[in-house]
Amino acid sequence: MSAGQGFVLGCARRVSTTGLGKRMPKLAERSTRRLISLKSLFARPPPAGDAAVGSKQRVVIKQDDLFHPLSKSPIKEMRQKGLLIQEHGCCPTCVHETLGSTGQAATREPMFECPGCGYPTHCSAEHWAADKSRHSEQCGYLRESNEDEHDLRSGRTLREFEFPSAQLAEVVVNFKSWDTFLYTRSFTNVGSARAMRHVSKVLTYPVTIGATLHQYSPFTLGSGLTPEGLKSMTALRTTIKEHELARSEKELQMQQTPLRIFILGARAEAMLPPHLYLQLSYLLPSSSMMVYFVGPESIPTADETRSTIAVSPRLALKYHKGYFHDVIWNFAPFDPFTDVFFLFSPGLGHPKGRAGWQPTIEKLLETKCPIFATGFHQADMDNDVAALTEDFGGVMDWLLKPQGNPFASLKRDFGIRNLSEWAIANWGIYGFRGKRYEVQRK
């Protein structure tokens with residue numbers, strides 16, 4: 001069984017018991033009185049000419065009829081996706097045959113739709129049949145993706161996106177897995193594997209950050225955290241604890257230094273609805289936080305008019321379009337007690353991105369602040385770790401050994417150009433920091 005299958009199958013089962021006992025239903029009822037809903041982002045009425053017409057949203061596709069070949073989908077966006085794959089994709093059988101005989105890959109457009117997954121995968125039925133054994137490895141995941149995408153656009157009320165608000169102080173969040181997290185955070189509307197995939201896709205970014213910083217983090221000594229990592233996390237958690245102690249004193253609250261969370265190379269995580277990051281704020285309710293999205297693709301709105309969004313009195317999002325090493329003086333000085341960096345699937349070892357990341361990594365290591373990065377899958381993470389070790393191994397310390405992320409997205413994403421290539425957002429995670437030199441007595 002692959003790692004991706006393990007995530008999907010493991011999260012199809014809901015946790016039925018916790019240490020909260022009989023008190024949990026009442027606490028869950030109280031803690032979910034105010035809900036934050038994202039369903040309007042996905043349940044859009046189809047445009048004129050499609051299946052749904054009129055001012056009121058209605059169900060376009062029923063739950064027992066979610067599978068459709070892309071070319072025959074009742075959803076215009078899905079039909080357009082099929083056309084994109086046919087235009088830019090490749091036939092794996094053609095690639096294999098020409099690469100083996102001539103050394104150069106040549107392919108025809110994938111016009112044939114697999115009856116199992118509904119995606120245009122091969123140029124003809126003959127090539128699909130010849131490649132059936134290899135394609136079967138991905139066919140189930142592609143069908144799952146097909147049904148998930150149709151479900152998001154089906155017109156039904158997406159109640160799984162009605163998120164709970166602030167956590168009660170007496171309810172402890174369990175960060176062991178998605179199951180325990182959603183249960184102890186009172187996500188009462190997530191009741192199926194499909195709903196889990198929908199929710200994990202958008203929550204993987206804020207929850208990965210929260211799980212790393214929280215005092216009950218799953219990353220501990222003996223579970224990947226190194227002694228140097230413990231030092232860095234103790235510094236950050238000391239500040240978080242000070243925020244908790246100062247909550248009852250107004251004078252101390254005024255003197256608080258907020259946590260600064262830098263997300264470098266921000267792409268999809270910068271495009272998420274701002275109020276989604278309230279889920280991060282609820283995990284650290286006493287701390288004021290400023291989240292900085294930095295990168296050439298960091299764009300908060302279509303017109304790029306807002307660079308700061310105040311989501312709540314304790315949470316602000318700031319957007320900086322540009323490379324970190326070029327705008328670093330906008331953020332200096334840095335403090336390991338308040339500042340932390342996250343790089344979500346940066347591609348540090350990718351041939352086209354390695355040289356571009358090196359100036360940023362050099363500046364990051366100089367800050368001596370903790371840095372956490374993720375990978376799409378095992379090979380992607382191993383490639384980034386190898387590049388880091390080769391380029392900066394002598395001037396950095398490992399904080400968190402490379403390992404699977406319990407809060408990776410449960411949904412597989414497939415490339416338009418090659419459907420055999422897949423990625424899982426934040427599949428793995430690791431941490432590092434600029435080397436610190438301790439003063440030693442002779």
Side-chain angles (χ1 to χ4, degrees), residues 7-8 10-11 14-15 18 31-32 35-38 41 160-167 171-190 193 195-220 223-225 233 236-237 240 259 261-263 266-285 287 289 291 293 311-312 314-315 317 340-345 370 372-376 400 403-411 413 424-431:
F7 279 127
V8 174
C11 293
R14 296 302 309 275
V15 175
T18 66
S31 64
T32 55
L35 298 174
I36 300 173
S37 178
L38 297 176
L41 297 174
E160 56 264 44
F161 290 108
E162 295 177 349
F163 295 164
S165 57
Q167 184 84 347
V171 180
V172 178
V173 181
N174 189 317
F175 288 97
K176 184 177 181 181
S177 66
W178 275 118
D179 285 317
T180 59
F181 172 81
L182 295 176
Y183 186 77
T184 54
R185 270 291 287 132
S186 302
F187 282 76
T188 57
N189 293 322
V190 182
M196 293 272 284
R197 292 194 293 272
H198 292 339
V199 170
S200 68
K201 175 68 174 179
V202 295
L203 283 186
T204 179
Y205 300 103
V207 176
T208 294
I209 296 172
T212 304
L213 301 180
H214 202 277
Q215 62 175 328
Y216 298 129
S217 170
F219 310 120
T220 60
S223 298
L225 193 69
M233 299 317 298
L236 287 169
R237 290 168 187 162
I240 295 171
L259 291 176
I261 301 169
F262 295 87
I263 301 178
R267 292 164 296 181
E269 55 272 27
M271 304 299 179
L272 293 174
H275 60 272
L276 189 66
Y277 283 92
L278 281 172
Q279 296 302 314
L280 169 60
S281 184
Y282 295 150
L283 296 177
L284 304 171
S287 296
M289 286 182 282
V291 181
F293 299 97
V311 183
S312 74
R314 292 184 178 274
L315 176 65
L317 308 181
V340 61
F341 295 88
F342 284 87
L343 286 64
F344 291 115
S345 303
F372 295 93
T374 65
F376 281 132
L400 181 65
Q403 60 184 280
N405 178 16
F407 296 104
S409 169
L410 302 179
K411 176 179 171 57
D413 295 308
I424 295 176
N426 305 328
W427 179 89
I429 188 171
Y430 55 96

Enquirer: Apply side chain to side chain contact (heavy atoms under 4.5 Å, CB included) to the pair T204 and F344, showing each step before the final yes or no.
Expert: CA-CA 10 Å; T204 179; F344 291 115; over 6 Å; no
Enquirer: Can you measure from OH (Y205) to OG (S345) and round to the nearest 0.5 angstrom?
Expert: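 Answer for the OH-OG pair, Y205 versus S345, is 6.5 Å.
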Enquirer: Please name the pair of heavy atoms, one in A211 and one in S217, separated by the smallest distance, quoted to 0.1 Å.
Expert: O-OG, 2.7 Å
Enquirer: Would a 4.5 Å heavy-atom cut-off, applied to side chains only, mark F163 and L276 as touching?
Expert: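 SC-SC contact between F163 and L276 confirmed.
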Enquirer: May I ask you to test the L284-R314 pair for a side-chain heavy-atom distance under 4.5 Å?
Expert: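 The answer is no; the side chains never approach within 4.5 Å.
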Enquirer: Under a 4.5 Å cut-off applied to non-hydrogen side-chain atoms, are L259 and V340 in contact?
Expert: no
Enquirer: For P164 versus Y282, what's the shortest heavy-atom pair and its separation?
Expert: O-CE1, 3.8 Å
Enquirer: Would a line drawn from the ring center of F372 to the ring center of F219 be shorter than 6.0 Å?
Expert: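 F372 vs F219: aromatic centres not under 6.0 Å.
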Enquirer: Got a donor-acceptor contact below 3.5 angstrom from the R197 side chain to the S409 backbone?
Expert: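 No, because the side chain of R197 does not come within donor-acceptor range (under 3.5 Å) of the backbone of S409.
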Enquirer: Using distance alone, with no hydrogens and no angle criterion, decide if N405 and T374 have a side-chain donor and acceptor under 3.5 Å apart.
Expert: no
Enquirer: From L182 CG over to E160 CD, what is the distance, rounded to the nearest 0.5 angstrom?
Expert: 11.5 Å
Enquirer: Can you list the steps and then say if L272 with Y277 is a side chain to side chain contact (heavy atoms under 4.5 Å, CB included)?
Expert: CA-CA 8 Å; L272 293 174; Y277 283 92; 3.9 Å; yes
Enquirer: Kindly compute the distance separating NZ (K201) from CG (D413), expressed to the nearest 0.5 Å.
Expert: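 One finds 3.0 Å between NZ of K201 and CG of D413.
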Enquirer: What heavy-atom pair brings V172 and T184 nearest, and what distance separates the two atoms?
Expert: O-CB, 3.6 Å
Enquirer: What is the distance from atom NZ of K176 to atom CZ of F407, rounded to the nearest 0.5 Å?
Expert: 11.5 Å
Enquirer: Look up atom CG in L315 and atom CE in M289, then write down how far apart they are to the nearest 0.5 Å.
Expert: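 One gets 5.5 Å once the value is rounded to the nearest 0.5 Å.
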Enquirer: Assess the residue pair F293 and L317 against the criterion (side chain to side chain contact (heavy atoms under 4.5 Å, CB included)); give the C-alpha distance rounded to whole Å, side-chain angles, the decisive distance to 0.1 Å, and a yes or no.
Expert: CA-CA 8 Å; F293 299 97; L317 308 181; 4.0 Å; yes
Enquirer: Are the side chains of R237 and L213 in touch, meaning some heavy atoms are under 4.5 Å apart?
Expert: no
Enquirer: Could you check whether any side-chain N or O of Q279 sits under 3.5 Å from a backbone N or O of G210, counting only pairs where one atom can act as donor and the other as acceptor?
Expert: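 Absent.
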Enquirer: Would you mind reporting whether F342 and I261 have side-chain heavy atoms less than 4.5 Å apart?
Expert: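 A side-chain contact under 4.5 Å exists here.
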Enquirer: A side-chain contact here means heavy atoms from C-beta on lying under 4.5 Å apart; do F181 and F175 qualify?
Expert: yes
Enquirer: At their closest point, which heavy atom of L283 faces which heavy atom of H214, and how far apart are they?
Expert: O-CD2, 3.3 Å
Enquirer: Just to verify, which of L280, L203, N426 counts as forming a side chain to side chain contact (heavy atoms under 4.5 Å, CB included) with T208?
Expert: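 The side chain to side chain contact (heavy atoms under 4.5 Å, CB included) with T208 is passed solely by N426 among L280, L203, N426.
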Enquirer: Does the side chain of T188 come within less than 4.5 Å of E162's, by heavy atoms?
Expert: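 Not in contact.
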Enquirer: Within this structure, what is the CG-CD distance for the pair L236 and Q215, rounded to the nearest 0.5 Å?
Expert: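 Rounded to the nearest 0.5 Å, the CG-CD separation comes out at 13.5 Å.
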Enquirer: Please examine the side chains of T212 and I429, heavy atoms only from C-beta on, and report whether any two atoms are closer than 4.5 Å.
Expert: yes
Enquirer: Compare every heavy atom of S200 with every heavy atom of A408, then report the nearest pair and how far apart it is.
Expert: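 Shortest heavy-atom separation between A408 and S200 comes out as O-CB, 4.3 Å.
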